[in-house]
Amino acid sequence: RKEVEQDPGPFNVPEGATVAFNCTYSNSASQSFFWYRQDCRKEPKLLMSVYSSGNEDGRFTAQLNRASQYISLLIRDSKLSDSATYLCVALFNQGGKLIFGQGTELSVKP
Amino acid sequence: GAGVSQSPSNKVTEKGKDVELRCDPISGHTALYWYRQRLGQGLEFLIYFQGNSAPDKSGLPSDRFSAERTGESVSTLTIQRTQQEDSAVYLCASSPFGGDTEAFFGQGTRLTVV
């Protein structure tokens with residue numbers, strides 16, 4: 001089993017749609033979680049951290065369920081510019097190893 | 001520049017040769033990570049450093065791979081006797097204190113083994 005697993009993609013949605021990505025992690029001791037975004041042939045960049053209480057940043061909402069070892073990302077009112085690969089990330093071992101999921105590709109169409 | 005810098009940006013090498021990839025992290029960042037990304041795949045963890053120490057080397061694919069960091073700064077990833085399956089983009093990232101803070105990535109080294 002992979003340490004961080006994500007929904008298989010690609011997701012093809014029209015502009016304005018709401019789309020949700022899911023992610024599970026295997027290590028119950030993981031402390032911190034993130035969503036990164038990677039554009040084609042570019043390096044990953046932090047989209048948002050994920051907090052236990054859930055957090056929102058504009059059109060983006062991240063949720064964490066520790067009991068189920070599950071993380072989600074919701075994108076509302078999707079834009080063409082949201083087209084990218086979204087990477088779920090978990091911190092394994094205190095202060096250490098950042099493990100990335102394989103990514104979910106999103107394509108927003110006009 | 002203030003970002004993570006990797007060199008070379010592209011490297012083509014013959015099978016069996018050794019290659020050395022370099023990463024200059026953001027100044028003052030104590031944590032440094034190496035990942036491998038094959039075409040169309042996710043990021044595969046290789047190794048990370050806290051300062052000059054590598055607490056976890058479990059991601060290194062084989063004993064042909066090694067990495068070091070000196071002066072809590074520059075890191076090199078060395079691949080000996082390269083194989084075609086080593087072809088990938090090698091990404092380096094650094095963060096101020098470790099995994100609980102944002103990791104900033106370099107633009108990667110695209111390695112092609114022919």
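Naming convention: chains lettered A, B, ... in sequence-line order (proteins, then strands); numbering from 1 in each chain. Quantities reported herein were computed from a predicted structural model and do not represent experimental measurements.
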Q: With a 4.5 angstrom heavy-atom cut-off, could you sort out which part of B/Leu91 is near chain A: side chain, backbone, both or neither?
A: side chain
Q | 4.5 Å side-chain heavy-atom contact, B/Ser58 and A/Lys97 | A | yes
(Q) Surrounding OH of A/Tyr70 (heavy atoms of other residues, nucleotides or ligands, distance under 6.0 Å), is the total greater than 12? (A) yes
Q: Identify which part of B/Phe49 has an atom lying under 4.5 Å from any heavy atom of chain A, answering side chain, backbone, both or neither.
A: neither
**Q.** A/Tyr36 versus chain B, the contacting section by heavy-atom distance below 4.5 Å
**A.** side chain
Q. How far does OG of B/Ser95 sit from CG of A/Leu46, to the nearest 0.5 angstrom?
A. 11.0 Å
Q | Shortest non-hydrogen contact from A/Leu98 toward B/Phe45 | A | O-CD1, 4.0 Å
Q) Heavy-atom distance under 4.5 Å to chain B: side chain of A/Leu87, backbone, both or neither? A) side chain
Q. Counting only heavy atoms not in B/Glu85, do more than 12 sit closer than 6.0 Å to its CD atom?
A. yes
Q. Could you state the interatomic distance from CZ (A/Phe34) to CD (B/Glu102), rounded to the nearest 0.5 Å?
A. 9.0 Å
Q: Report yes or no: do B/Val89 and B/Trp34 belong to one cluster of Ile/Leu/Val/Met/Phe/Trp/Tyr joined by side chain heavy-atom distances under 4.5 Å?
A: no
Q) Who wins among A/Glu105, A/Gln38, A/Lys45 for the most heavy-atom pairs under 4.5 Å with chain B? A) A/Gln38
Q) Do A/Arg41 and B/Gln107 come within less than 4.5 Å of each other through their side chains, counting heavy atoms only? A) no
Q: Check the hydrophobic clustering (I, L, V, M, F, W, Y; side-chain heavy atoms under 4.5 Å; chains of links allowed) and say if B/Leu111 and B/Leu77 are grouped together.
A: yes
Q) Is the number of heavy atoms from other residues, nucleotides or ligands under 6.0 Å of B/Leu39 CG greater than 12? A) no
Q. Going from CD1 on A/Ile99 to OH on B/Tyr33, what distance comes out if it is rounded to the nearest 0.5 angstrom?
A. 10.0 Å
Q. Is it the side chain or the backbone of B/Ala103 that comes within 4.5 Å of chain A heavy atoms, both, or neither?
A. both
Q: Can you tell which part of B/Gln37 gets under 4.5 Å to a heavy atom of chain A, answering side chain, backbone, both or neither?
A: side chain
Q) With the 4.5 Å side-chain cut-off for hydrophobic clustering, are A/Tyr86 and A/Val50 part of the same group? A) yes
Q) Should B/Tyr90 and B/Phe105 be regarded as members of a common hydrophobic cluster, given that ILVMFWY residues are connected when their side-chain heavy atoms come within less than 4.5 Å of each other, either directly or indirectly? A) no
Q.
Check for me, please, whether B/Leu43 and B/Phe65 land in the same ILVMFWY cluster - side-chain distances under 4.5 Å, paths through other members count.
A. no
Q: Considering non-hydrogen atoms only, spot the tightest contact between A/Glu43 and B/Gly106 and give its length.
A: CB-O, 3.1 Å
